[in-house]
Amino acid sequence: MIDTHAHLDAFDGEVDAVLARARVAGVTRVISVGTNLESCRATLSLCEREEGVYAALGLHPHEAGTARDADMVELRPLLAHEKVVAVGETGLDHYRDYAPHDAQLRVFRAHAELARELGKALVVHTRAAEDETVAVLVELPAEIPVVLHCFSSTELLEPALEHRWYVSFAGNVTYPKAGDLREAAARIPADRLLAETDSPYLAPQSVRGRRNEPAHVVHTLAVLAEVRGEHPEALARVIEANAAAAFGLP
């Protein structure tokens, strides 16, 4: 099993123990996500010393208000590292509104251009900005994989289906009031479905109230399998294959 989106740099000195628990749970690969330059560098350091850990690097939309052009210049060579498999997470967050909308859009477009130039997947964070997000993504060439991380907006379901974007579900799909997300998960084509933890955030319902970590992706997998009428082990293999295709993993 793979956790396609975790923030391992947020675990400080506990990464070894966190990854050990993940492996016991059958989670052998993790894509760790950088959200600013410091986080990106820390994430690369983790990737270099940990087998099975890969990186997605970018400037989170919350960082857009203070992001400089020089930050994007510094990000580009980091993306060339052999264990970097995606650009992002990037996107638009008009729900938290921690950065001006025009700054978020400028940084998002810059990431999309990097993904196009480098031929890497684009990992997208979007909240309360569906139309604006779609407007950027449809400009990308079809061969650039788009991953809608922590899918939480059913308004994006039809565009995702139409454009064959990858849709990744996190622990929130397991919450009692998230029936709409489970209905969406049942409709995602088998070859476009992904699962993640977004750890240390969004622990699945069965471990809610505890810090989330990559081992817990199996709880999200179980719910996805249930709503799709599939066996968890079989679905895990499908998601592994999807991740390999989306991120160019060996």
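Under a 3.5 Å cut-off, the side chain of Glu213 and the backbone N or O of Ser199 do not form any donor-acceptor pair. At distances below 3.5 Å, at least one donor-acceptor pair connects side-chain atoms of Thr174 with backbone N or O atoms of Gln205. Counting only distance, with no hydrogens or angles, the side chain of Asp93 and the backbone of Pro61 share no donor-acceptor pair below 3.5 Å. Arg127 places no side-chain N or O within donor-acceptor distance of the main-chain N or O of Ser152, the cut-off being under 3.5 Å. His111 places no side-chain N or O within donor-acceptor distance of the main-chain N or O of Gly91, the cut-off being under 3.5 Å. Judged purely by atom type and a 3.5 angstrom limit, Thr4 uses its side chain to pair as donor or acceptor with the backbone of Ala195.
Here the closest non-hydrogen pair linking Asp9 and Leu46 is N-CD1, 3.8 Å. Taking each heavy atom of Val207 and Ala203 in turn, the nearest pair found is O-CB, 3.7 Å. Of all non-hydrogen atoms in Phe247 and Ala121, the two that sit nearest each other are CD2-CB, 4.1 Å. Here the closest non-hydrogen pair linking Val33 and Ser39 is O-OG, 4.0 Å. The heavy-atom pair separating Asn242 from Leu193 by the smallest distance is ND2-O, 2.8 Å. For the residue pair Gly58 and Leu75, the shortest heavy atom distance occurs at CA-CD2, 4.0 Å.
One distance of note links NE2 of His101 with CD of Glu132; it measures 8.0 Å at 0.5 Å rounding. For the atom pair NE2 (His60) and NE2 (His125), the distance works out to 4.0 Å, reported to the nearest 0.5 Å. Atom CG of residue Leu235 and atom CD of residue Glu240 lie 11.0 Å apart, to the nearest 0.5 angstrom. Annotation: the span from Glu82 atom CD to Leu44 atom CG amounts to 10.5 Å, rounded to 0.5 Å. Separation of atoms CD (Glu155) and CG (Asp131) is listed at 7.0 Å; rounding is to 0.5 Å. Rounded to the nearest 0.5 angstrom, Gln104 CD and His62 NE2 are separated by 8.0 Å.
Looking only at atom types and distance, the side chain of His5 has a donor-acceptor partner in the side chain of Glu89 under 3.5 Å away. Asp198 and His7 share a donor-acceptor pair across their side chains, judged by distance under 3.5 Å alone. In summary, the side chains of Asn212 and Thr197 do not present any donor paired with an acceptor at a separation below 3.5 Å, with no hydrogens or angles considered.
You'll find the side chain of Glu230 stays beyond 4.5 Å of the side chain of Leu224, heavy atoms only. Two residues are said to be in side-chain contact when any heavy atoms from C-beta on lie closer than 4.5 Å; Leu8 and Thr43 fail this criterion. A heavy-atom distance below 4.5 Å is not found between the side chains of His149 and Ile31. For the pair Arg182 and Val173, the minimum side-chain heavy-atom distance is below 4.5 Å. The shortest side-chain heavy-atom distance between Lys83 and Glu48 does not fall under the 4.5 Å cut-off. Residues Leu122 and Leu137 are in side-chain contact: their nearest non-hydrogen atoms beyond the backbone lie under 4.5 Å apart. Side-chain contact between Tyr175 and Leu202 is present, with at least one heavy-atom pair separated by less than 4.5 Å. The closest side-chain heavy-atom distance from Met72 to Leu59 is below 4.5 Å.
Under a 4.0 Å N-O distance rule, the pair Asp69/Arg106 qualifies as a salt bridge. Using a 4.0 Å cut-off between charged nitrogen and carboxylate oxygen, Arg109 and Glu139 count as a salt-bridge pair. A salt bridge links Glu74 to Arg68: at least one charged side-chain nitrogen sits closer than 4.0 Å to a carboxylate oxygen. Between Glu113 and Arg116, at least one side-chain nitrogen of the basic residue sits less than 4.0 Å from a carboxylate oxygen of the acidic one, meeting the salt-bridge criterion.
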Val134/Glu162 under side-chain contact (heavy atoms from CB on, under 4.5 Å): CA gap, chis, key distance, verdict:
CA-CA 11 Å; Val134 170; Glu162 178 183 354; over 6 Å; no
Please assess Leu105 against Val136 for the test side-chain contact (heavy atoms from CB on, under 4.5 Å), listing each intermediate value before the final yes or no.
CA-CA 9 Å; Leu105 183 59; Val136 173; 3.7 Å; yes
List the steps, then state whether side-chain contact (heavy atoms from CB on, under 4.5 Å) holds for His94 with Glu130.
CA-CA 10 Å; His94 295 178; Glu130 290 83 1; over 6 Å; no
Test Leu114 against Arg76 for side-chain contact (heavy atoms from CB on, under 4.5 Å), laying out the working first.
CA-CA 8 Å; Leu114 278 175; Arg76 201 179 200 288; 3.7 Å; yes
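Placement of Leu161 and Leu140 within a single hydrophobic cluster is found when ILVMFWY residues are connected by side-chain heavy-atom separations under 4.5 Å, directly or transitively. Under the 4.5 Å side-chain heavy-atom criterion for ILVMFWY residues, a single connected hydrophobic cluster contains both Val138 and Tyr166. Residues Leu249 and Leu118 are members of one and the same hydrophobic cluster, defined by side-chain heavy-atom contacts under 4.5 angstrom among Ile, Leu, Val, Met, Phe, Trp and Tyr. The hydrophobic clustering, which links ILVMFWY residues whose side-chain heavy atoms are closer than 4.5 Å, places Leu37 and Val87 together.
Within a 6.0 Å radius of CD in Glu38, other residues, nucleotides and ligands contribute 12 heavy atoms or fewer. No more than 12 heavy-atom neighbours from other residues, nucleotides or ligands sit within 6.0 angstrom of CD on Glu226.
By the ring pair (Phe, Tyr, Trp, His ring centres under 6.0 Å) test, Phe151 is found to be paired with Phe169, residues two or more places apart in sequence or in another chain being considered.
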